[in-house]
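Below, each value reflects all heavy atoms present in this structure, side chains not excepted, and no hydrogens, waters or symmetry copies. Naming convention: chains lettered A, B, ... in sequence-line order (proteins, then strands); numbering from 1 in each chain.
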Number of protein chains: 2
Amino acid sequence: MVLPGGARSGVSQLRRGILQFCVLAMLRDGEKYAFELVRELCDAHGLVTSEGTIYPLLSRLRKEGWVNTVWKESDSGPPRRYYTLTPTGRRALAEFAEEWGPFKTAVDGLLDREGSRE
Amino acid sequence: MVLPGGARSGVSQLRRGILQFCVLAMLRDGEKYAFELVRELCDAHGLVTSEGTIYPLLSRLRKEGWVNTVWKESDSGPPRRYYTLTPTGRRALAEFAEEWGPFKTAVDGLLDREGSRE
DNA sequence: CGGCAGTACCATGCGATACAAGGTACCTGC
DNA sequence: GCAGGTACCTTGTATCGCATGGTACTGCCG
């Protein structure tokens, strides 16, 4: 066990079903490869993730037709698989964004109500 | 199969790990019983849920020591099991609230960036 | 009075998915 | 050529939302 503090807390379960759309959102800006996505999610956004999470996820996105991939050589290291958003993926992202708003509002409404100050 | 349209979309996975804290938040205002929770989550907050979701969830909360329960007779129907928050549960709720903020911000940051309008 | 709907509880099985662990291949430096 | 970093991938496990189905009590209506 000995989880390093990222997966142990409830946040791990929070990522469920959201992470894939975060990835789609990151691809909106342009093509990226998996390792890059992991680093950005970890560093910039505090959404700690490991490769074991991202690869099955990307596999699924590919199977859904939400992303396309191209192999590109790298100057320094093994070739990289770059992911780009498809129109379908872009639409899925937009749909999620529309669901995220009300959902967020509902949760906020439940949490922020400081009714019992007792 | 034939999912009625609430569970099919991505929102179903959104609820993961959040629903239990929504329940805790609802119990903050006072004791409630399971059927009541389902109705409120469904009606008021748009977080569609069914009994099949709530009972295992409450079972878990009880096992974690986050809620206590008391049986009370009802004038019109079978007896009800009322749930109340324990201090531990209250703390868990507070901890989640602290995690929810940054998480929400991170996701918003990724989604709301309307950089590419095309 | 007997069935049916509504209320209220619970358990089981399935599917989705985050994560750890482990494996392969390429490149650079020693 | 071997260690370490980069980069890819697969498999197994645990979690949890949900559908389904089962029990028991109450009240309505035929």
Side-chain angles (χ1 to χ4, degrees), chain A residues 1-23 31-42 47-64 69-83 96 103, chain B residues 1-23 31-42 47-64 69-83 96 103:
Chain A
M1 307 308 173
V2 204
L3 302 182
R8 213 215 116 268
S9 38
V11 202
S12 164
Q13 289 300 321
L14 274 188
R15 291 190 260 273
R16 284 254 166 184
I18 299 195
L19 207 50
Q20 46 186 318
F21 296 105
C22 292
V23 168
E31 65 179 11
K32 290 197 199 305
Y33 61 101
F35 228 72
E36 203 178 350
L37 289 166
V38 173
R39 253 195 317 246
E40 276 193 36
L41 279 170
C42 187
L47 300 168
V48 201
T49 321
S50 72
E51 306 172 45
T53 304
I54 221 69
Y55 283 107
L57 191 158
L58 287 170
S59 231
R60 244 196 347 266
L61 294 184
R62 199 151 33 110
K63 213 154 44 183
E64 297 277 339
T69 67
V70 281
W71 284 96
K72 291 193 183 177
E73 299 290 325
S74 164
D75 302 345
S76 58
R80 300 166 177 168
R81 167 116 85 170
Y82 280 89
Y83 294 81
F96 172 78
F103 177 79
Chain B
M1 305 308 171
V2 204
L3 303 182
R8 217 218 116 267
S9 38
V11 203
S12 163
Q13 288 300 322
L14 270 189
R15 291 190 259 274
R16 279 252 167 183
I18 299 197
L19 206 53
Q20 46 184 319
F21 296 105
C22 291
V23 168
E31 63 180 13
K32 290 195 197 308
Y33 61 99
F35 227 72
E36 204 179 350
L37 289 166
V38 173
R39 253 195 318 247
E40 276 194 36
L41 278 170
C42 188
L47 300 168
V48 201
T49 320
S50 72
E51 306 172 45
T53 303
I54 220 69
Y55 283 106
L57 191 157
L58 288 170
S59 230
R60 232 171 57 87
L61 294 184
R62 199 151 31 110
K63 213 153 41 179
E64 296 277 341
T69 67
V70 280
W71 284 96
K72 291 193 182 176
E73 297 291 325
S74 164
D75 302 346
S76 57
R80 300 167 177 168
R81 166 117 86 168
Y82 280 88
Y83 294 81
F96 172 78
F103 178 79

note = Of A:L57 and B:E36, the one whose nearest nucleotide on DNA chain C sits closer to the 5' end is B:E36
task = Return the orientation label for the B:Y33 and B:Y82 ring planes: parallel under 30°, perpendicular over 60°, tilted otherwise.
result = perpendicular
Length of the line joining [X]:[atom1] and [N]:[atom2], which is rounded to integer Å:
X: B:I18; N: D:dC18; atom1: CD1; atom2: P; result: 12 Å
X: B:D75; N: C:dA8; atom1: CG; atom2: P; result: 11 Å
X: A:L58; N: D:dC8; atom1: CG; atom2: P; result: 9 Å
X: B:K63; N: D:dT15; atom1: NZ; atom2: C1'; result: 12 Å
X: A:R62; N: D:dC8; atom1: CZ; atom2: C1'; result: 11 Å
X: B:E73; N: C:dT7; atom1: CD; atom2: P; result: 19 Å
X: B:W71; N: D:dC25; atom1: CH2; atom2: C1'; result: 12 Å
X: B:L14; N: D:dG17; atom1: CG; atom2: P; result: 12 Å

inquiry  = The side chain of A:R16 is closest to which nucleotide in this list: D:dA14, D:dC8, D:dC18?
reply    =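 Closest of the options to the side chain of A:R16: D:dA14.
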note = Considering only heavy side-chain atoms of A:Y55, the closest of C:dA18, D:dT10, C:dC26 is D:dT10
Respond yes when some side-chain nitrogen or oxygen of [X] is under 4.0 Å from OP1 or OP2 of [N], and no when none is.
X: B:R39; N: C:dA8; result: yes
X: B:S50; N: D:dA19; result: yes
X: B:Q13; N: D:dG17; result: no
X: B:R60; N: D:dT15; result: no
X: A:R80; N: C:dC26; result: no
X: A:Y33; N: D:dC8; result: no
X: B:T53; N: D:dG17; result: no

inquiry  = So, applying side-chain contact (heavy atoms from CB on, under 4.5 Å) with A:L41, which one of A:L19, A:T53, A:V48 is it?
reply    =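 Among A:L19, A:T53, A:V48, the one meeting side-chain contact (heavy atoms from CB on, under 4.5 Å) with A:L41 is A:L19.
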task = For B:Q20 and B:R60, test the side chains for any donor-to-acceptor distance below 3.5 angstrom and give the result as yes or no.
result =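 Note: B:Q20 and B:R60 side chains meet the donor-acceptor criterion.
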key: SB check B:E40 B:K32 (cutoff 4.0 Å)   =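 B:K32 and B:E40: salt-bridged.
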inquiry  = Salt bridge or not between B:E31 and B:K72? Use side-chain N to carboxylate O under 4.0 Å.
reply    = yes
key: Side-chain donor/acceptor of B:E51 to base of C:dC9, under 3.5 Å   =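 Donor-acceptor pair under 3.5 Å: yes.
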note = Between A:S59 and A:G77, the residue closer to the 5' end of DNA chain D by nearest nucleotide is A:G77
inquiry  = For B:F96 and B:I18: C-alpha separation, side-chain torsions, deciding distance, then whether side chain to side chain contact (heavy atoms under 4.5 Å, CB included) applies.
reply    = CA-CA 9 Å; B:F96 172 78; B:I18 299 197; 4.2 Å; yes
message = Mind checking if B:S74 touches a base, just sugar-phosphate, or nothing, with heavy atoms under 4.0 Å?
response =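 Nothing, no nucleic acid heavy atom in range.
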